[in-house]
Amino acid sequence: MTINIDKKQFQQDLIGWFLAEKRDLPWRRTADPYQIWISEIMLQQTRVDTVIPYYKRFVEKFPTLHDLAKADEQVLLKEWEGLGYYSRARNLQAGVKEVAENYGGIVPDNRKEFSSLKGVGPYTAGAVLSIAYGIPEHAVDGNVMRVLSRILLIEEDIAKPKTRKIFEEAVTEIISHDDPSSFNQGLMELGALICTPTSPKCLLCPVREHCTAFHEGKQQDLPIKTKAKKNKAVQYAMVAVKSVDSVLMEQRPSAGLLANMWQFPMLELAKEVLPFEIEEELSESFSGRVDGVEKITSFKHVFSHLTWNVDGYIAKGENLKIPAHMKWVTAAELDLLPIAGPVQKMKTALQLRGDV
DNA sequence: AACTCGGGGTA
DNA sequence: TACCCAGAGTT
């Protein structure tokens with residue numbers, strides 16, 4: 001594509017603004033490629049304000065690459081609990097382990113090697129390489145596509161995968177080779193603070209004079225993005241089966257939604273059911289006796305692509321034959337298991353009743 | 001290319 | 001509600 005801006009002047013205006021106005025974020029206080037890597041993984045599809053406390057706890061718990069490489073996965077997932085997209089945590093550890101074993105513990109400083117690691121895609125590779133190593137690599141995220149779609153008046157649909165390549169080529173063309181880190185971060189900072197999705201603050205924009213959309217009054221119409229399809233709903237029963245001093249928990253499969261996270265045993269339901277039907281279903285699946293089933297709560301949990309409608313039950317179980325992915329835990333042990341949002345809602349309901 | 005994968009802030 | 005967020009992996 002043809003780029004009709006004054007590159008040098010644009011770089012100077014953008015970087016000058018960034019250096020003067022950048023937010024004081026915890027990952028901007030380190031030069032450690034490992035810690036910058038962590039921040040970029042956490043920031044995927046996740047807001048800065050959400051990440052900050054997780055990042056601080058995480059680097060305190062796993063200060064070096066080797067600390068994370070040797071960490072227990074349950075402990076790792078517990079640190080990630082509530083942040084979402086849990087495969088990020090497991091992929092990050094897989095990548096870190098590979099660096100420890102195959103790269104002498106040194107994070108690779110080139111795109112080919114670094115982006116071969118688990119969880120490191122085109123954006124994260126460019127972000128870490130430019131920020132940690134000062135290498136002029138593109139780092140195109142949602143902010144960058146929005147900002148550049150306006151500045152360069154790019155009207156391709158940013159929801160389409162191949163559109164990202166257009167922006168990568170554009171960044172490669174205009175990136176500063178003197179300060180690639182500030183250039184890439186400047187584009188993202190601009191997207192976060194000034195060139196926002198709705199109501200961009202053009203009158204405060206340091207690169208307004210370079211912006212084609214602003215000159216043509218089209219900043220509100222960009223970027224072009226087609227709509228995502230909406231999600232589906234699924235009905236579940238979530239059952240806290242209690243014995244004398246423990247409750248039954250099950251671990252989810254190692255792949256798919258909430259992989260390896262724990263939950264109270266769940267039954268997918270075709271329709272609304274009565275408590276005695278829950279009782280029959282559970283007694284049969286455990287070849288034992290489950291009784292006293294009582295509904296204690298009901299809630300909805302919305303994921304990005306599906307919705308869980310959950311009825312929460314409590315029950316008593318004796319002499320159950322439980323499968324390998326389940327175990328009985330005490331209240332103290334329960335607090336150590338990584339659980340996702342819907343399970344946390346159930347746990348809270350149980351705690352309010354004094355049941356766990 | 002389309003789908004999967006969380007959770008929360010915001011208009 | 002619907003959209004968006006410092007995206008990547010799988011199919």
Side-chain angles (χ1 to χ4, degrees), chain A residues 18 22-23 25-28 36-55 77 80-92 94-95 114-132 137-147 157-165 167-168 171 181 183-193 195-200 220 223 225-232 252-261 300-308 338-345:
Chain A
F18 174 72
K22 64 180 179 181
R23 291 168 290 179
L25 303 175
W27 45 90
R28 288 180 176 161
I36 293 170
W37 182 6
I38 292 170
S39 74
E40 291 301 339
I41 299 299
M42 287 187 169
L43 286 162
Q44 290 170 8
Q45 296 294 289
T46 311
R47 290 183 149 69
V48 165
D49 289 340
T50 303
V51 168
I52 289 173
Y54 282 91
Y55 174 83
L77 287 174
W80 210 271
E81 181 182 286
L83 196 54
Y85 286 142
Y86 299 95
S87 64
R88 290 184 296 178
R90 300 190 304 132
N91 288 339
L92 171 60
F114 188 46
S115 61
S116 76
L117 303 174
K118 276 281 199 228
V120 179
Y123 163 76
T124 302
V128 174
L129 291 172
S130 61
I131 297 170
E137 290 280 353
H138 59 73
V140 174
D141 71 338
N143 282 313
V144 172
M145 288 198 283
R146 181 175 60 257
V147 169
D157 182 1
I158 67 169
K160 295 192 177 306
K162 74 174 183 184
T163 302
R164 197 191 69 241
K165 292 186 174 61
F167 290 92
E168 289 174 348
V171 172
S181 170
F183 184 90
N184 279 341
Q185 291 188 79
L187 283 180
M188 294 187 277
E189 195 81 343
L190 194 63
L193 301 181
C195 197
T196 46
T198 59
S199 310
Q220 294 280 7
K225 181 169 185 167
T226 55
K227 316 243 189 270
K229 61 166 199 167
K230 52 189 209 177
N231 64 9
K232 295 178 186 174
R252 296 179 59 85
S254 59
L257 182 65
L258 307 177
N260 285 359
M261 304 284 280
K300 177 167 74 170
H301 188 88
V302 180
F303 296 95
S304 45
H305 63 297
L306 78 162
T307 298
W308 283 7
I339 60 176
V343 187
Q344 183 60 57
K345 289 174 182 171

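These numbers were taken from a predicted model, which means no experiment stands behind them. Naming: A, B, ... by sequence-line order, numbering from 1 per chain. The figures that follow rest on heavy atoms only: side chains count, while hydrogens, waters and symmetry mates do not.
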Atom-pair distance (CD1 on A:Ile158; C1' on C:dA6), nearest Å: 14 Å

When rounded to whole Å, the CE to C1' distance for the pair A:Met145 and C:dC4 reads 12 Å

Are the side chains of A:Phe167 and A:Leu187 in contact, using a 4.5 Å heavy-atom criterion? no

Separation of C:dG7 P from A:Glu168 CD (nearest whole Å): 13 Å

For A:Asn143 and for A:Lys118, locate the closest nucleotide of DNA chain C by heavy-atom distance; then report the residue assigned to the nucleotide nearer the 5' terminus. A:Asn143

What nucleic acid atoms does A:Arg23 come within less than 4.0 Å of, heavy atoms only: base, sugar-phosphate, or nothing? base

Rounded to whole angstrom, note down the P distance from C:dT11 over to B:dG6. 15 Å

Mind checking the P distance from C:dC3 to B:dC3? Whole angstroms is fine. 16 Å

Heavy-atom distance under 4.5 Å between the side chains of A:Ser130 and A:His138, does that happen here? no

For atom CZ of A:Phe183 and atom C1' of C:dA6, their distance in whole Å: 15 Å

Which residues pass the side chain to side chain contact (heavy atoms under 4.5 Å, CB included) test with A:Ala159, sequence neighbours left out? A:Asp157, A:Lys225, A:Thr226

Under 4.0 angstrom, heavy atoms only, what part of the nucleic acid is A:Asn184 near: base, sugar-phosphate, or nothing? nothing

Residues passing the salt bridge (charged side-chain N to carboxylate O under 4.0 Å, His left out) test with A:Arg164, sequence neighbours excluded, are A:Glu168

Could you check whether A:Val120 gets within reach of a base, just the sugar-phosphate, or nothing at all, counting any heavy atom under 4.0 Å? sugar-phosphate

What is the distance from CZ of A:Arg164 to P of C:dA6, rounded to the nearest Å? 17 Å

Out of curiosity, A:Arg90 CZ to A:Trp80 CH2, how far, rounded to the nearest 0.5 Å? 12.0 Å

List the residues meeting salt bridge (charged side-chain N to carboxylate O under 4.0 Å, His left out) with A:Glu189, not counting sequence neighbours, and say none if there are none. A:Arg23, A:Arg28

Rounded to whole angstrom units, what separation is found between the CH2 atom of A:Trp37 and the C1' atom of C:dA6? 17 Å

Within the structure, does a side-chain N or O atom of A:Arg146 lie under 4.0 Å from either OP1 or OP2 of C:dC5? yes

By nearest-heavy-atom nucleotide on DNA chain C, the more 5' of A:Ser115 and A:Trp27 is A:Trp27

Which residues pass the side chain to side chain contact (heavy atoms under 4.5 Å, CB included) test with A:Ala125, not counting sequence neighbours? A:Arg111, A:Phe114, A:Ser115, A:Val120

Rounded to whole Å, how long is the line connecting atom CD1 of A:Ile131 with atom C1' of C:dA6? 8 Å

Take nucleotides 1-11 of chain B nucleotide by nucleotide from the 5' end and write B, S or -, depending on whether a protein heavy atom sits under 4.0 Å from the base, only from the sugar-phosphate, or from neither. S--SBBBBS--

Determine the interatomic distance between P on B:dT4 and the same-named atom on C:dA6; round to the nearest Å. 24 Å

Any A:Thr124 side-chain N or O less than 4.0 Å from OP1/OP2 of C:dA8: yes

Can you name the residues that form a ring pair (Phe, Tyr, Trp, His ring centres under 6.0 Å) with A:Phe183, not counting sequence neighbours? none

How many whole angstroms separate atom CG of A:Leu92 from atom C1' of C:dA8? 13 Å

